[in-house]
Visitor: 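This is the structure, below, for whatever I ask next.
Heavy-atom basis, side chains included; hydrogens, waters and symmetry copies ignored.
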Amino acid sequence: MLPETRTAPLTTIAELGQHEGQAITLRCWLYNLRSSGKLLFPTFRDGTGTVQGIVPKAAVPEQVFETLKSLTLESSLTVTGRVRADVRAPSGFEIDVDDVNVGQRIPEETPYPIQLKEAGVDFLMEHRHLWLRTPRQSAILRVRATIMRAAAEYFDVHGYFRTDPPILTPNACEGTSELFEMDYFGDDKAYLTQSGQLYIEATAMALGKVYSFGPTFRAEKSKTRRHLTEFWMIEPEVTYMDLDGLMDLAEAFLTHIVSRVLETHRGDLKVIGKDVAKLEAVVAPSKFPRLTYDEAHAMLLDAHERGLLPAAHVYGDDFGSPDETYISSQFEKPVMVHRYPAAVKAFYMQPDPLDATKALCVDVLAPEGYGEIIGGSQRVDDYELLKSRIEEHDLPMAAFQWYLDLRKYGSVPHSGFGMGIERCVAWICGLEHVRETIPFPRTLNRIYP
RNA sequence: UCCUGAGUAGCUCAAUGGCAGAGCAUUCGGCUGUUAACCGAAGGGUUGUAGGUUCGAGUCCUACCUCAGGAGCCA
């Protein structure tokens with residue numbers, strides 16, 4: 001079945017350091033090929049990294065040299081050779097190639113479309129299925145995988161039960177966002193979920209501490225570097241937790257994720273071009289800054305007076321993107337802004353007992369202008385208040401009967417938040433655009449490939 | 001939905017209203033330490049689409065299409 005006849009132990013490029021001086025086998029692709037007369041410098045990639053091989057014409061059989069010399073980029077092959085440390089190599093190691101076995105050779109007539117040189121966004125997105133193979137994109141996906149694992153891991157080890165809400169829903173969860181609508185057996189409409197929050201409030205009442213982790217859909221025609229129409233969200237929901245407890249949770253949660261990334265992805269972060277010091281500052285032993293909405297508002301007014309913001313923030317309004325960018329740029333750590341005016345927030349948020357015009361909510365703004373990565377709140381737990389909120393927001397009461405039931409039968413204070421995975425990945429990796437944070441991004445103008 | 005910008009070779013981009021060009025990629029040749037290698041040569045075009053102005057349009061005008069950046073909204 002497999003084409004090669006192995007003569008040396010199989011390993012990966014990431015683990016070459018454990019095989020210095022030894023003969024090894026790599027299953028890989030030809031990433032690049034340079035030559036200097038009777039010397040070939042093929043670069044191999046295998047999904048864990050890249051490494052350069054050296055092939056002197058005099059050191060290998062004629063057939064091996066000629067095969068590699070005329071091999072096309074991204075052709076698949078198996079390489080046997082010896083690992084040698086070399087200061088000239090970016091990764092510290094090179095392969096003295098002994099033999100190669102080509103799996104599939106790409107014909108010259110249909111060369112691999114993605115070049116090592118620069119390419120435009122449209123072209124790369126059109127070839128996303130191949131773009132993923134480049135070192136930078138591969139590194140991002142590896143970091144994403146760790147972020148997702150660390151996020152779930154945090155809740156798993158702290159006694160949370162994963163309870164996944166439905167993806168097909170009968171109505172808008174929050175009554176605000178544009179939803180993707182679909183026919184549901186003729187008589188009914190179904191909508192793709194924009195949040196599992198309302199459902200996990202129910203599972204929290206059953207299990208205490210729960211979380212959900214899955215895809216989320218927004219049909220808003222947002223066209224910015226921060227938006228996808230399909231993205232992944234992880235949402236904890238906890239009974240008997242107030243807003244302060246929720247902020248503590250968000251802080252511990254984010255610190256865990258960043259710590260895990262720093263543990264195992266320093267090489268990837270270097271490939272991506274992220275300044276690791278900025279992540280180390282996040283996990284340094286001090287608290288995340290916490291600002292009330294009023295304090296953040298004052299900060300924005302001051303910035304406007306000093307000419308740092310073009311528009312003066314209007315008290316009572318939500319913060320715009322430039323506002324969030326400014327606030328977050330003032331801190332090295334994620335900043336938590338809490339107690340927004342209730343009027344600009346969702347109907348289910350508990351009013352602040354000290355000021356009923358404010359909601360017990362928190363937005364966590366990532367550093368470096370990445371904007372809101374977490375939004376959460378303490379939920380309304382009083383039946384009558386929630387009912388009147390639903391009426392005030394012109395939401396269909398019938399659709400929310402089950403949600404009201406949660407306040408009818410043994411209601412307790414509870415809180416939760418949602419974190420968008422892609423914005424978190426964009427922040428941790430230092431990316432310009434969330435479209436690079438997910439294997440196949442869905443955006444306003446793109447659903448291919 | 002609104003504002004702004006861009007569509008020219010497979011890719012990245014040039015081209016006063018006057019012969020359609022370069023680099024990379026591909027092919028051929030050269031080079032024993034290259035790092036997006038380099039040097040020489042060849043092939044490669046319905047200039048997004050449809051109209052219009054002009055002796056002449058890649059270039060000017062109109063409409064449309066596609067994409068990008070931003071706003072609003074959001075994670």
Side-chain angles (χ1 to χ4, degrees), chain A residues 31-43 50-59 65 70 72-74 86-91 94 96 106-127 130-131 134-136 174 176-179 194-197 215-235 310-311 317-325 344-346 363-366 370-376 417-427 432-435 437-438 443-446 448:
Chain A
Y31 173 67
N32 194 15
L33 178 63
R34 291 177 288 269
S35 81
S36 181
K38 297 183 177 61
L39 258 187
L40 301 179
F41 298 99
T43 302
T50 61
V51 66
Q52 176 173 275
I54 301 93
V55 192
K57 187 174 171 68
F65 187 84
S70 63
T72 45
L73 300 191
E74 281 301 317
D86 193 306
V87 291
R88 289 168 292 193
S91 67
E94 294 184 334
D96 290 319
I106 300 176
E108 284 80 359
E109 302 79 53
T110 56
Y112 190 68
I114 307 271
Q115 295 181 28
L116 274 57
K117 282 210 169 191
E118 64 196 78
V121 169
D122 190 34
F123 178 82
L124 290 172
M125 290 305 297
E126 210 48 38
H127 295 81
L130 303 177
W131 186 25
T134 59
R136 177 184 163 86
E174 305 179 16
T176 53
S177 301
E178 291 288 323
L179 302 183
Q194 59 168 348
S195 167
Q197 180 206 313
T216 305
F217 307 87
R218 303 278 168 92
E220 282 147 359
K221 298 196 171 176
S222 301
K223 203 161 58 170
T224 80
R225 67 183 65 186
R226 299 179 305 282
H227 287 86
L228 299 170
T229 55
E230 176 183 325
F231 62 97
W232 283 66
M233 190 150 68
I234 187 162
E235 301 174 274
D317 285 0
D318 207 345
F319 301 130
S321 290
D323 299 326
E324 289 186 351
T325 298
V344 299
K345 286 293 180 182
D363 283 0
V364 181
L365 309 181
Y370 280 94
E372 182 185 348
I373 53 171
I374 285 179
F417 65 72
M419 183 182 80
I421 292 292
E422 286 73 20
R423 284 191 185 172
C424 182
V425 175
W427 157 53
E432 280 296 306
H433 202 299
V434 288
R435 66 180 160 230
T437 64
I438 186 169
T443 60
L444 180 57
N445 291 318
R446 191 175 297 282
Y448 176 92

Visitor: Identify the two heavy atoms, one from A:Leu116 and one from A:Leu73, that lie closest to each other, and give their separation to 0.1 Å.
Guide: CD1-CD1, 4.4 Å
Visitor: Nearest whole angstrom, please: distance from the C1' of B:rA75 to the CD1 of A:Ile373.
Guide: 9 Å
Visitor: Out of B:rA25, B:rC11, B:rG33, which has the shortest distance to the side chain of A:Ile54?
Guide: B:rG33
Visitor: Out of B:rG33, B:rC67, B:rC74, which nucleotide sits closest to the side chain of A:Arg226?
Guide: B:rC74
Visitor: Please report, rounded to the nearest Å, how far the P atom of B:rC31 is from the CG atom of A:Leu40.
Guide: 13 Å
Visitor: Expressed in whole Å, how much space separates the C1' atoms belonging to B:rU59 and B:rG17?
Guide: 7 Å
Visitor: Over how many whole Å does the gap from A:Gln115 atom CD to B:rU12 atom C1' extend?
Guide: 8 Å
Visitor: By nearest atom, which of the nucleotides B:rG69, B:rC67, B:rA75 is closest to the A:Leu228 side chain?
Guide: B:rA75
Visitor: Considering heavy-atom distances to RNA chain B, does A:Leu444 or A:Gly420 have its closest nucleotide positioned more toward the 5' end?
Guide: A:Leu444
Visitor: Are a donor atom and an acceptor atom from the side chains of A:Glu108 and A:Thr72 found within less than 3.5 Å of each other?
Guide: no
Visitor: Just to be sure I understand the rule, does A:Phe123 reach a base, reach only the sugar-phosphate, or reach nothing, if contact means heavy atoms closer than 4.0 Å?
Guide: sugar-phosphate
Visitor: Within this structure, what is the CZ-to-C1' distance between A:Arg88 and B:rU32, rounded to whole angstrom?
Guide: 11 Å
Visitor: Within the 4.0 Å heavy-atom criterion, would you say A:His127 contacts the bases, only the backbone, or no part of the nucleic acid?
Guide: nothing
Visitor: At under 4.0 Å between heavy atoms, what does A:Thr43 touch on the DNA or RNA strands: base, sugar-phosphate, or nothing?
Guide: nothing
Visitor: In this structure, how many angstroms lie between the P atom of B:rA71 and the NE2 atom of A:His227, rounded?
Guide: 9 Å
Visitor: To the nearest Å, how far apart are A:Glu126 CD and B:rA68 C1'?
Guide: 14 Å
Visitor: Looking at B:rC31, B:rU35, B:rU12, which one has an atom nearest to any side-chain atom of A:Ala119?
Guide: B:rU12
Visitor: Quick one: does A:Ser35 reach the base of B:rC31 with a side-chain donor-acceptor pair under 3.5 Å?
Guide: yes
Visitor: Please determine if A:Arg225 and A:Glu432 form a salt bridge, counting it only when a charged side-chain N lies under 4.0 Å from a carboxylate O.
Guide: yes
Visitor: Roughly how many Å apart are B:rG5 and B:rC61, using the P atom of each and rounding to a whole number?
Guide: 12 Å
Visitor: My understanding is that a pair needs two contacts under 3.5 Å, Watson-Crick or G-U wobble. By that rule, which nucleotide pairs with B:rA75?
Guide: none
Visitor: Could you please name the partner base of B:rA25, counting Watson-Crick and G-U wobble pairs only when both distances are under 3.5 Å?
Guide: none
Visitor: Using a distance-only criterion (donor-acceptor N/O pair, under 3.5 Å, no hydrogens), is the base of B:rG69 paired with the side chain of A:Glu432?
Guide: no
Visitor: Could you tell me which nucleotide pairs with B:rU47 by Watson-Crick or G-U wobble geometry, both distances under 3.5 Å, or answer none if nothing does?
Guide: none
Visitor: Considering only B:rC67, B:rU26, B:rG69, which nucleotide approaches the side chain of A:Arg435 most closely?
Guide: B:rG69
Visitor: Can a salt bridge be assigned to the pair A:Glu126 and A:Arg446 using a cut-off of 4.0 Å between side-chain N and carboxylate O?
Guide: yes
Visitor: Rounding to an integer number of angstrom, what distance separates B:rC60 and B:rU54 when you compare their C1' atoms?
Guide: 9 Å
Visitor: From the list B:rG69, B:rG33, B:rG72, which nucleotide is the closest neighbour of the side chain of A:Gln52?
Guide: B:rG33
Visitor: When you check the side-chain N and O atoms of A:Gln52 and A:Arg88, is any donor under 3.5 Å from an acceptor?
Guide: no
Visitor: Is A:Glu422 touching bases, backbone alone, or none of the nucleic acid, heavy atoms closer than 4.0 Å?
Guide: nothing
Visitor: Specify the closest pair of heavy atoms between A:Arg218 and A:Gln194, including all atoms of both residues, with the distance to one decimal.
Guide: NH2-O, 2.6 Å
Visitor: P atom, B:rC2 versus B:rA63: distance in rounded Å?
Guide: 14 Å
Visitor: Does A:Ser222 make a side-chain donor-acceptor contact with the base of B:rC73, cut-off 3.5 Å?
Guide: yes
Visitor: Between the base of B:rA75 and the ring of A:Phe231 - centre-to-centre under 5.5 Å, planes within under 30° - is that a stack?
Guide: yes
Visitor: Counting side-chain heavy atoms from CB outward, which of B:rA75, B:rU32, B:rC67 is closest to A:Arg446?
Guide: B:rC67
Visitor: Do A:Tyr31 and A:Pro135 have side chains that approach each other closer than 4.5 Å (heavy atoms only, starting at C-beta)?
Guide: yes
Visitor: Please determine whether any donor N or O and acceptor N or O are separated by less than 3.5 Å between the side chain of A:Arg423 and the base of B:rC74.
Guide: yes
Visitor: Considering every strand and a 4.0 Å limit on heavy-atom distances, what is the contact class for A:Lys57: base, sugar-phosphate, or nothing?
Guide: nothing
Visitor: Between B:rU26, B:rG33, B:rA75, which nucleotide has the shortest distance from any of its atoms to the side chain of A:Pro111?
Guide: B:rU26
Visitor: According to the Watson-Crick and G-U wobble definitions, with both distances under 3.5 Å, which nucleotide is paired to B:rA36?
Guide: none
Visitor: Is it true that A:Ser321 and A:Arg226 share a donor-acceptor pair across their side chains at a distance under 3.5 Å?
Guide: yes
Visitor: Between A:Asp96 and A:Ile374, which is nearer to the 5' end of RNA chain B once each is assigned its nearest nucleotide?
Guide: A:Asp96
Visitor: What is the distance, rounded to the nearest whole Å, between atom CG of A:Asp363 and atom P of B:rC73?
Guide: 13 Å
Visitor: Choose from B:rU35, B:rC24, B:rG69 the nucleotide whose nearest atom is closest to any side-chain atom of A:Lys117.
Guide: B:rC24
Visitor: Which value, in whole Å, describes the distance between the P atoms of nucleotides B:rA20 and B:rU47?
Guide: 11 Å
Visitor: Does the structure show a Watson-Crick or G-U wobble partner for B:rU59, both distances under 3.5 Å? Name it, or say none.
Guide: none
Visitor: Which heavy atom of A:Thr437 sits nearest a heavy atom of A:Ala426, and at what distance?
Guide: CG2-N, 3.6 Å
Visitor: Can you tell me, in whole Å, how much space there is between the P of B:rG21 and that of B:rC38?
Guide: 24 Å
Visitor: Who is the Watson-Crick or G-U wobble partner of B:rG5, with both distances under 3.5 Å?
Guide: B:rC67
Visitor: Within this structure, what is the CG-to-P distance between A:Leu124 and B:rC67, rounded to whole angstrom?
Guide: 15 Å
Visitor: Checking base pairs now: Watson-Crick or wobble, both atom distances under 3.5 Å. What partners B:rU16?
Guide: none
Visitor: Return no unless some side-chain N or O of A:Asn445 is found under 4.0 Å from OP1 or OP2 of B:rU66.
Guide: no
Visitor: Which heavy atom of A:Val434 sits nearest to which heavy atom of A:Glu422, and what is that distance?
Guide: CG1-O, 3.9 Å
Visitor: For atom P, what is the distance between B:rG23 and B:rC64, given to the nearest Å?
Guide: 39 Å
Visitor: In terms of side-chain heavy atoms of A:Asp318, which of B:rC74, B:rA75, B:rA68 is nearest?
Guide: B:rC74
Visitor: How would you label the contact of A:Glu230 with the nucleic acid (heavy atoms, under 4.0 Å): base, sugar-phosphate, or nothing?
Guide: nothing
Visitor: Write down the distance separating the C1' atoms in B:rA9 and B:rA22, rounded off to the nearest Å.
Guide: 11 Å
